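Read through the structure below, which is laid out as structure tokens, and then see the notes.
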Amino acid sequence: MEPRIDAAFSERLPAIEAGWRKKWAENKAFEADAPATRPRVQGLGSRVQGLEQDPRPKTQDPGLLKPKTSKYFITPAFPYPNSPQHIGHGRTYTTTDIYARFMRLLGKQVLFPMAFHVTGTPILAMAKRIAAKDGELLDIFDRIYGIPKELAETLTDPKELVKYFSDEIEQGMKELGLSVDWRRKFYTFDPCFNRFIEWQFHKLHEAGYVKKGSHPVPWCTACGNAVGSHDTQGDKDPEIEQVTMVKFRFRDGFLVVATYRPETIYGVTNIWFNPKAAYVRAIAGNSRRDFHPQVIDDRSCRDMLQQEHLKSQQAIAADANTNRETIYYLAEEASKRLAKQLLIKKAGNAKIKENDLALNPLTNENVPLLPAEFVEPGIGTGVVMSVPAHAPYDYLALRDLNLLQKIPPKVIISTPGYGMPAKDAVEKLGVKNQADEKAELATKEVYTAEAHQGTMLAGKYTGMPVKIAKEKVAADIIREGSGVGIYELANAPISCRCGNQVSVEIVRDQWFLDYGNPEWKALAKECLESMTLLPEKTRIDYKYTIDWLIDKACTRKHGLGTPFPYDKSQIVESLSDSTIYMAYYTISHLLSQLPEGMVGDELFDYIFLSKQKPKNNGYGKHEKLIEKMKNEFEHWYPLDSRHSAGDLIHNHLTFFIFNHAAIFPRKHWPKQIAVNGFVLMEGKKMSKSLGNILPIRKAMATYGADVVRFVIVSGAELFEDADFNMENIEGVRQRLNFLHGLISDKAGGRRENVKTAPAGAQDNSFAGKWFRSRYHRRIKNACGNYKQLAIRTICNELFYENINDLKIYLKLSPNADLSEFFELFVPAISPIMPHVAEEFWHQLGKKGFVFVAGYPKWEEAAIDESLEYGMDIANALVDDVRNILALVKVENPKKVSLFVADEWKRKVYSIVAAAKNQQESMKQCFCDAELKAKGTDTVRLVQYYLKKLNLLTRRLLSAKEELAMLESLKDYLTTEFGFTVEIAMETKSQNPKAKNAMPMRPSIFIE
RNA sequence: GCGGGGGUGGCAGAGCCUGGCCAAAUGCGUAGGACUGAGGCUCCUAUGGUAUAGCACCUGCAAGGGUUCAAAUCCCUUCCCCCGCACCA
């Protein structure tokens, strides 16, 4: 009686899927064009003619199924083709495809295009590594992706590389069943796309959002190159941080002191230098002039700096006019490292002597220079300010020199629990001298305490928490010219692959997108406000990012891509050339028909912004085509949904918002962004070093696309990480086999399960109605969940739970007619498992593709909660009976009697449920004559329910209703128990067990 | 440091917004049983503890405290873990 399992189905799946993909391709199923004429026409633009109306009567439709517009434009982030894709990449694309296919089911005309992003350096770098026959790389290709060495070695030309991998990825996407309109494919190094990016930057420039400046980069002086983490020994990511450099007036110039604690400058008593180090007098250009305003910026005090920004810019501009030279005194070693940042032109030896004086710019005090060997000439500037009250090392150094009397420490920060923090900590820990290891501990303790709890006792910001004052003092010092900000490597030392130490260099001809522009920010926020976000909880991340962004370097010296229009020696950086390309999709397949010379600003202005028609003499000749393009754009834009992995919120997706807001009118702003999490491999992050990368094509060839699709999206809710593991794979395959066994006429003559019964020939048994209620409800829920992309929920309910119910149902009714179930189930699951759905649909004898069959129409009337409630009661009874049978050895049980609780108990139930306390419950019960007459019985029941108030949230049935429900369950229960079931009111029975009956919990007697 | 997300049974992972049949879904694992030539399939049962003609009690959702008739769920404090912080796709 068990349903036959068709074990072969999951084995055959890859082949079956290929067949359906071929049919889709032959029918150009996913090619979508704008209707020829405006205004927009309703209906399917797809060329598929398969949509047939559901013959069943229209049922209630609470708005879920009604699309508001007829078109739907959806794009995922395009791939970067420098290696084949793995199952992790598949998640974003599958999610996008699910949404696209769901929208098709809702009757929308869907455009889902795809292109390749080749901008940037990694492809170039990879081609180089291949040319150099990098064994590690070739090994990864071979071992993980199965690309033979001989083939890989030929990919030394970047274009060849792009071609190879993009073909590979495209093939994989096709195999995944993505419903993409491939005619619109392009590459970001295509000349027409370059024109488009130029146009974009012209628009941004016109709006005043493009500017030139400088910015710090990790740098190797030996190589003369910027250094990324992959260029360092041990792949260390060089972190740059800003340090305040304070200028103490000294001789004919300044002694410069680098500090992380600018607020302590009020407590400086002296300055340390290393008597063994060489010092220089350096002549420098006016460094402030050349620094980009970002230099004075610090993310942790952004709000304040928003306002300071303009002032400082003016100050810098004013200063620039004077073009003074500055003289700095610092350690020779430091001067070399900072030469570029400080614009040092030349440097000569300088002798620094003990007790020389330097002027503190904030306190206007002269402080003496003192020797200390702990000062490292290579760190900072090789000169250190001494704050003995707050820095244990300074305190110890003074103590070691026996100068504490002569130079008393100045306490300028008040910290709870400390008097003079450095002294207290040193004494508490018993630190002997500078060389003592415990000095480090003391330092940490003091710094932490002061940073978190300290309050300023001196200077302009007296009374302010150190945390805030620190930033303000730093900003003041720089703005007033008493110091400069310099960049240092936070995690130094880092070695370049060449062996040289990495330092920081300021790149000066750098172009920026001014995401800090308040107007632009406001537009971006407005755009964000107008969008739906999936999941909605990501909104805070976008908001934060929009606030946080300042300048984005948008040019790069090397790499593939579009030459930057205002400096053709550079290219547009890769995140900046992929912000509005969705608009380009609308016309990408038509552009090649135009002469190249016509593709430019005029054309794009007309198509995208409805400015005047191009005057270019070619226009007349190509009018029709250009109008067609404009029509395409206006039909498809705005973008209805943008999909990506969640890690792009902080850059790409926010840039996407900014750029759309800057360039397009409000009616063309994007409407939605959806982001998903990653895919883990057997619980671990996929990585080349772990070697646990599963290429998606390999996975699909083994398990079939739909199994892979299902597993990578069902494992976790949208934004969470999903796990790809064998158990899930096997579970899905087995269930597909089970379903196929039921649906297939080749699986052992069980055709009767899906015989095409006339609508309405329903199983009216309790189990039949229950099952029907369950799946109708699930189809309905899934519709709402698809909209929210709650895919895990959909998979659980629609697939796993439906199948569980189906099994229960078949146990009770082995020859049931399942045709209605499958007619609803198959289209509903089709967005997730499109191939399987087509196959099942076909086997159900349906004509046309399931993907245009429309979202299945559930019947509200079929959804009946009381059936599910009844099932709960029934299951509780079954459990109880089993319990009893297990405990008591009734020999050959023949009959079970169920007694339904009397009406008075229900009265008590209602009273207690409403009153929720003893006094009130009792009062009300004794107002009732019947309950009063029951006396102690009533009291006992009230007490019972008061203890179990949580039970009273169940829906209360009347005795009559409960009796009727049990009657309807009788067949079901009989089948479950395997012996006779009798049902009676407790009042009608003499059985001593009868009076134990409680509402919704009949008492049981087995004999 | 700043920002975000988390800590649930042997494991994975729901539930938390909107407190109440929540000793906590589902899957896996484990144990026993059925079916079978056999099973890595499928099905049934058990899986915090105690008790037991059932529907009961105790302990429990990082730790501690609070609100409430009622807390995994709400509030406060503490501890711990993960991710991002850019010019890089």
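In this text the structure is predicted, and so the values were computed from the model without any measurement.
Side-chain contact annotation: A/Asn659 with A/Tyr515, donor-acceptor N/O pair under 3.5 Å present. With no hydrogens or angles considered, a side-chain donor-acceptor pair links A/Thr555 and A/Gln510 at under 3.5 Å. Between the side chains of A/Thr188 and A/Thr119, at least one donor N or O sits under 3.5 Å from an acceptor N or O.
Among the nucleotides B/G3, B/U26, B/C87, the one closest to any side-chain atom of A/Tyr544 is B/G3. Residue A/Lys552 places its side chain closer to B/C87 than to any other of B/C87, B/C43, B/G20. Nearest nucleotide to the side chain of A/Trp548, out of B/A89, B/C85, B/G27: B/C85. The side chain of A/Arg735 has B/G27 as its nearest neighbour among B/G27, B/G20, B/A89. Closest to the side chain of A/Arg1001, from the set B/C55, B/C41, B/A86, is B/C55. Candidate nucleotides B/G20, B/C28, B/A89 were compared by shortest atom distance to the side chain of A/Glu573, and B/A89 ranks first. Comparing atom distances between the A/Lys811 side chain and each of B/C44, B/A53, B/A89 picks out B/C44 as nearest.
Residue contacts shown for A/Gly120 are limited to sugar-phosphate atoms, with no base heavy atom under 4.0 Å away. Nucleic acid contact class of A/Thr555 (heavy atoms, under 4.0 Å, all strands): none.
Ring geometry for A/Phe710 versus A/Phe799: interplanar angle of 30 to 60°, hence tilted. Note: A/Tyr544 and A/Trp548 have parallel aromatic rings, judged against thresholds of 30 and 60 degrees for the angle between ring planes.
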How would RNA chain B look in dot-bracket form, 5' to 3', counting Watson-Crick and G-U wobble pairs with both distances under 3.5 Å and writing | for bases paired to another strand? ((((((((.[[[..)....(.....]]]((((((.......))))))(((.....)))...[[[[[..)....]]]]])))))))....
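When the shell of 6.0 Å around NZ of A/Lys807 is examined, it contains more than 12 heavy atoms from other residues, nucleotides or ligands. The number of heavy atoms from other shown groups lying within 6.0 Å of CD (A/Glu865) does not exceed 12.
In this structure, A/Gln734 atom CD and B/C28 atom C1' are separated by 12 Å, rounded to whole Å.
Geometric assessment of A/Lys552 against the ring of A/Phe655 yields a negative cation-pi assignment under the 6.0 Å and 45° thresholds.
The shortest side-chain heavy-atom distance between A/Met1000 and A/Ile873 falls under the 4.5 Å cut-off.
When the P atom is used for both B/U47 and B/C55, the distance is 14 Å, rounded to whole Å. Taking atom C1' on both B/C75 and B/G27, the two are 35 Å apart, rounded to the nearest angstrom.
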Could you encode protein contacts along nucleotides 4-19 of chain B as a string, one character per nucleotide from 5' to 3', using B for base contact, S for sugar-phosphate-only contact and - for no contact, with a heavy-atom cut-off of under 4.0 Å? S-S-------S-----
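Looking at residues 942-950 of chain A, you'll see A/Tyr944, A/Lys948, A/Leu949, A/Asn950 sit with a heavy atom under 4.0 Å from some atom of RNA chain B.
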Side-chain donor/acceptor pairs under 3.5 Å, residues 875-882 of chain A, sequence neighbours excluded:
from, atom 1, to, atom 2, distance (Å)
A/Asn875, OD1, A/Tyr972, OH, 3.4
A/Asn875, ND2, A/Met871, O, 3.3
A/Asp880, OD1, A/Arg1001, NH2, 3.2
A/Asp880, OD2, A/Arg1001, NE, 3.4
A/Asp880, OD2, A/Arg1001, NH2, 2.7

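At a threshold of 4.0 Å, the pair A/Glu263-A/Arg261 counts as salt-bridged, since one of the basic side-chain nitrogens sits closer than that to a carboxylate oxygen.
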Shorter than 3.5 Å, N or O on both sides, protein versus nucleotides 45-49 of chain B: list them out with atom names.
from, atom 1, to, atom 2, distance (Å)
B/U45, OP1, A/Arg882, NH1, 3.1

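Contacts of A/Lys895 classified as salt bridge (Lys or Arg N to Asp or Glu O under 4.0 Å), with partners at least two apart in sequence or in another chain: A/Glu982, A/Glu1007.
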